[in-house]
A.B. asks: 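Pasting a structure below so you can have a look.
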Amino acid sequence: MHPETIAVSAGRPARTEQAPVNPPVVLSSTYVSTGEPAPGDLIYARSGTETWLPFERALADLEGARLPGLLFGSGMAAIAAALDLVPVGGELIIPRHGYHASLVAAHDLTVRSGVRVTEVAIEDTGAVVAAVRAAARRLTGSDTPAATSVGTPNGPIPNGPVLWVETPTNPMLEVADLPALVAATHDVDGLVLVDNTFATPLGQRPLSHGADVVVHSVTKYLAGHSDVVLGAVVTDSPDLRAALLDRRSLGGAVAGPFEAWLALRGLRTLALRVERSQRTAADLAERLSGHPNVVEVSYPGLTTHPQHERASIQMTGFGSILTLRPVGGAAGADALTRAVRLWVPATSLGGVESSLERRRRLGAEAPTVPEDLLRLSVGIEHADDLFADLEQALAVAATYAG
Ligand SMILES: *Cc1c(COP(=O)(O)O)cnc(C)c1O
């Protein structure tokens with residue numbers, strides 16, 4: 001079935017007479033249970049509850065996975081579990097531009113687990129492949145002790161290098177060549193983990209390109225209303241899923257029943273929201289390109305984007321994030337964020353309301369991100385209203401020029 005249909009129909013209760021159309025919110029920390037539990041039995045709500053399952057089933061269907069996904073208490077909880085797949089003494093390759101907390105968590109592994117972390121320009125396929133091969137050589141080289149593999153109930157997980165991919169990257173919107181990077185990493189017995197938050201499963205399905213694990217900040221487009229913080233992972237490997245489930249149960253960063261229900265409620269309109277916001281993002285990117293008060297616009301859907309062709313092949317939509325560098329530098333960009341009346345000046349993205357942020361205002365952002373770069377998350381308002389608001393705010397920014 002088509003993703004638009006899956007988003008609406010997956011995870012509904014069985015169609016029996018008098019059954020509700022939506023799953024119930026069940027508030028229970030424990031379940032009646034005697035004797036030895038059968039596999040999949042509900043026992044205790046940290047290990048599994050019926051309130052997560054409908055969303056986990058729907059997300060897996062959208063990502064094209066046979067196994068249900070795993071819902072977490074936040075995107076970072078899901079990412080922490082995924083990064084725990086990197087064995088002690090292992091090799092991790094990460095993008096130089098990416099969600100800042102993911103990059104910090106990756107570098108933490110160096111201190112905590114002796115993991116060697118290499119930063120790469122993820123859009124530079126040659127450089128990433130070289131880094132993956134160099135990491136594999138170090139792991140198998142006689143001078144380095146072999147990395148300990150992560151055990152799962154089904155056996156060990158491949159202990160080659162782990163490649164962490166964001167595509168498009170936050171906030172630079174660089175696009176990685178997923179099939180090429182997956183082939184090169186699998187060639188050396190490695191794993192490819194993809195943060196699919198920006199693209200959503202409607203824009204790209206990393207598992208279909210061979211990726212091993214997909215992670216989401218459900219907080220963003222999937223839930224879509226800026227009212228919950230949640231995360232998820234999806235994989236089609238029973239071994240990896242078992243390891244990730246262990247991390248969730250032991251780490252305990254689990255979702256509340258009401259938040260899980262809201263995420264499924266939000267997911268129902270994902271296709272409509274993404275269609276509209278994507279169309280508006282493309283429209284705004286066109287209108288802002290060449291605008292006298294704009295230095296630069298970046299959007300994967302623009303033919304001027306360096307990886308536009310790659311994105312056209314690999315993605316089924318170019319997403320709803322664009323970046324903008326206004327005339328007037330960082331001070332002008334800050335003034336713009338104070339001058340907008342419709343756009344919400346706030347961090348985060350993927351809500352029905354359009355929002356924007358100058359990323360370098362946060363000290364943690366990579367120094368290679370331009371000081372004056374604004375990240376725009378396009379919502380579902382009318383494109384003309386969004387453009388008019390930006391135009392008047394760009395005029396304010398321009399007073400800071402020269
Ligand atoms: C927001 C975000 C995260 C973190 O998710 P939380 O739900 O805030 O924990 C990870 N990756 C990307 C790309 C994000 O935008």
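One-based numbering, in listed order, for ligands and for the atoms of each.
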A.B. asks: Within a distance under 4.0 Å of any heavy atom of Met76, pick out the atoms of ligand 1 and give their elements.
C.D. replies: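 Counting from 1, the qualifying ligand atoms are 5 (O), 6 (P), 9 (O).
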A.B. asks: Is the shortest side-chain N to carboxylate O distance from Asp334 to Arg358 below 4.0 Å?
C.D. replies: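 Judged by the 4.0 Å cut-off on N to carboxylate O distance, Asp334 and Arg358 do form a salt bridge.
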A.B. asks: Shortest non-hydrogen contact from Tyr31 to Leu42?
C.D. replies: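 Heavy atoms only, the tightest pair is CB-O, 3.4 Å.
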A.B. asks: Could you tell me whether Asn170 approaches ligand 1 through its side chain, its backbone, both or neither, with non-hydrogen atoms closer than 4.0 Å?
C.D. replies: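 Answer for Asn170: neither.
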A.B. asks: Should Arg287 and Leu390 count as side-chain neighbours, where that means a heavy-atom distance under 4.5 Å?
C.D. replies: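 Answer no - side chains too far apart.
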A.B. asks: Which option, Thr347, Val228, Asp195, owns the non-hydrogen atom nearest atom 13 (C) of ligand 1?
C.D. replies: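 The option holding the nearest heavy atom is Asp195.
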A.B. asks: If you count the atoms of ligand 1 from 1 in the order shown, which ones are under 4.0 Å from a heavy atom of Leu230?
C.D. replies: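 With Leu230 as reference, the close atoms of ligand 1 come out as 7 (O).
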A.B. asks: For Arg265, does the CZ atom have more than 12 heavy-atom neighbours from other residues, nucleotides or ligands under 6.0 Å away?
C.D. replies: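 Counting neighbours around CZ of Arg265, 12 or fewer heavy atoms of other residues, nucleotides or ligands fall under 6.0 Å, so no.
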A.B. asks: Please report whether ligand 1 has a polar contact with Val229, defined as an N or O pair separated by less than 3.5 Å (distance criterion only).
C.D. replies: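 Among all N and O atoms of Val229, none is under 3.5 Å from an N or O of ligand 1.
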A.B. asks: For atom 4 (C) of ligand 1, grab the closest protein heavy atom and report residue, atom and distance to one decimal in Å.
C.D. replies: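 Here the closest protein heavy atom is Tyr99 CE2, 3.3 Å.
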A.B. asks: Is there a nitrogen or oxygen of Phe198 sitting under 3.5 Å from a nitrogen or oxygen of ligand 1?
C.D. replies: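 The answer is no, given that Phe198 and ligand 1 share no N or O pair closer than 3.5 Å.
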A.B. asks: Considering only the protein, which heavy-atom contact is closest to atom 5 (O) of ligand 1, and what is its distance?
C.D. replies: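 Protein heavy atom at minimum distance: Ser217 OG, 2.9 Å.
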A.B. asks: Taking the side chain as every heavy atom from C-beta outward, state whether Leu245 and Leu70 have any atom pair closer than 4.5 Å.
C.D. replies: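 Yes, their side chains come closer than 4.5 Å.
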A.B. asks: Which donor-acceptor pairs under 3.5 Å do the side chains of residues 292-301 make with protein atoms, sequence neighbours left out?
C.D. replies:
unit_1	atom_1	unit_2	atom_2	d
Glu296	OE1	Arg325	NH1	3.1
Tyr299	OH	Gly319	O	2.6

A.B. asks: Side chains of His209 and Gln314: any donor to acceptor distance under 3.5 Å?
C.D. replies: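 The criterion, which ignores hydrogens and geometry beyond distance, is not satisfied for His209 and Gln314.
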A.B. asks: Any N or O of Ser102 that comes nearer than 3.5 Å to an N or O of ligand 1?
C.D. replies: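 No.
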A.B. asks: Nearest to atom 7 (O) of ligand 1, what protein heavy atom do you find, and at what distance?
C.D. replies: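 Of the protein heavy atoms, Thr219 OG1, 2.6 Å lies nearest.
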A.B. asks: Provide, to 0.1 Å, the distance between atom 1 (C) of ligand 1 and the closest protein heavy atom, together with that atom's residue and name.
C.D. replies: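 Answer, as residue, atom name and distance: Lys220 NZ, 1.4 Å.
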A.B. asks: Any donor-acceptor pair under 3.5 Å linking the side-chain atoms of Asp195 with those of Thr197?
C.D. replies: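 A donor-acceptor contact under 3.5 Å links the two side chains.
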A.B. asks: Tell me the contacting part of Ile79 for ligand 1: side chain, backbone, both, or neither, using a 4.0 Å heavy-atom threshold, strictly below.
C.D. replies: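 Within the 4.0 Å criterion, Ile79 contacts ligand 1 through side-chain atoms alone.
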A.B. asks: For Gly75, counting its heavy atoms only, list the atoms of ligand 1 lying under 4.0 Å from any of them.
C.D. replies: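 Under 4.0 Å from Gly75, ligand 1 has these atoms: 5 (O), 6 (P), 7 (O), 9 (O).
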A.B. asks: Please round to the nearest 0.5 Å and tell me the distance separating atom OG of Ser320 and atom CZ of Arg276.
C.D. replies: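 Here the rounded value is 11.5 Å.
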